[in-house]
Amino acid sequence: AVTEFLDMELRPLFTEMVARKVEMPEFEEYLHARHAEERNQQIAKINPDMPDGGSGMDTADAKTYLEALTPEKRRAYEALAKRVDAINVKTRQDIIAYGLESPDTIRAWEAAYQNYVPLHREDMEDGPGIGQGYSVRGPASKRATGSKRTVVDILANVAMQRERVVVRGEKNRVANALIGLATENPNPDFWKVDKPPVLKVVNDRTGLVEER
């Protein structure tokens with residue numbers, strides 16, 4: 001799955017960037033600016049200390065940058081951005097298919113962000129990992145809380161998100177298969193299927209504590 005992603009999705013993006021004579025830093029700046037306003041709005045809702053700029057770029061600066069683009073640059077960037085958007089859509093589809101997040105979570109994510117790209121910061125590990133061993137505990141998506149630090153390596157992190165999803169998803173398949181095997185072949189002296197832990201969490205929609 002990772003090799004297919006590299007050959008069928010990522011390589012064509014880079015090939016078109018070369019054909020359009022678009023350098024990676026300039027395209028990443030466009031992707032950041034295109035996403036900045038919606039990310040700033042979402043962060044402002046949950047972080048009173050960041051009414052603007054939680055994406056690492058103030059909304060006014062993002063708008064100024066986008067408005068100053070020449071028609072030629074805008075056409076090139078928009079065409080390339082469609083490829084990035086398609087990659088991100090497929091990544092979210094894989095997250096659901098592998099059972100790493102619920103469809104409701106992904107729909108809420110998509111409703112909030114029309115132009116999403118991962119905004120990782122300098123010297124910060126803020127992305128979801130792939131799990132240790134066969135562990136897939138923890139959410140596949142991580143809620144943004146905002147930062148003024150410099151955003152780095154947007155396209156690299158777009159690719160890494162897909163790789164993480166595939167690795168976590170394949171681990172999850174192994175874990176589910178093992179649970180199924182233990183369930184269908186009970187042997188108390190060798191193994192047993194435990195009950196999943198119950199956690200108290202805050203429901204994002206109601207604001208109330210509930211057990212899951």
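Contact of the Val174 side chain with the Lys171 side chain is not registered, since no non-hydrogen atoms from C-beta on lie closer than 4.5 Å. Counting heavy atoms from C-beta on, the side chains of Val158 and Leu10 never come closer than 4.5 Å. Two residues are said to be in side-chain contact when any heavy atoms from C-beta on lie closer than 4.5 Å; His35 and Ser55 fail this criterion. Between Arg162 and Glu9, some side-chain heavy-atom pair lies under the 4.5 Å cut-off. In this structure, the side chains of Val84 and Phe27 come closer than 4.5 Å at one or more pairs of heavy atoms. Side-chain contact between Leu31 and Tyr77 is absent, with no heavy-atom pair separated by less than 4.5 Å. A 4.5 Å side-chain heavy-atom check between Phe5 and Thr91 finds every atom pair outside the cut-off.
Glu16 has a carboxylate O that lies under 4.0 Å from a charged side-chain N of Arg20, or vice versa, which qualifies the two as a salt bridge. Between Asp104 and Arg107 there is a salt bridge, since at least one side-chain N of the basic residue sits less than 4.0 Å from a carboxylate O of the acidic one. Between Arg92 and Glu110 there is a salt bridge, since at least one side-chain N of the basic residue sits less than 4.0 Å from a carboxylate O of the acidic one.
Judged by the 6.0 Å and 45° rule, Arg173 forms no cation-pi pair with Tyr98.
Counting only distance, with no hydrogens or angles, the side chain of Glu28 and the backbone of Val152 share no donor-acceptor pair below 3.5 Å.
The same ILVMFWY cluster, assembled from side-chain heavy atoms under 4.5 Å apart, contains both Tyr116 and Ile106. By the criterion of side-chain heavy atoms lying less than 4.5 angstrom apart, applied directly or through intervening Ile, Leu, Val, Met, Phe, Trp or Tyr residues, Val89 is not grouped with Trp109; the two fall into different hydrophobic clusters. Linking ILVMFWY side-chain heavy atoms closer than 4.5 Å, directly or via other members, places Leu178 and Val167 in two distinct hydrophobic clusters.
Going from atom CD of Gln161 over to atom CG of Asp94 covers 12.0 Å, rounded to the nearest 0.5 Å.
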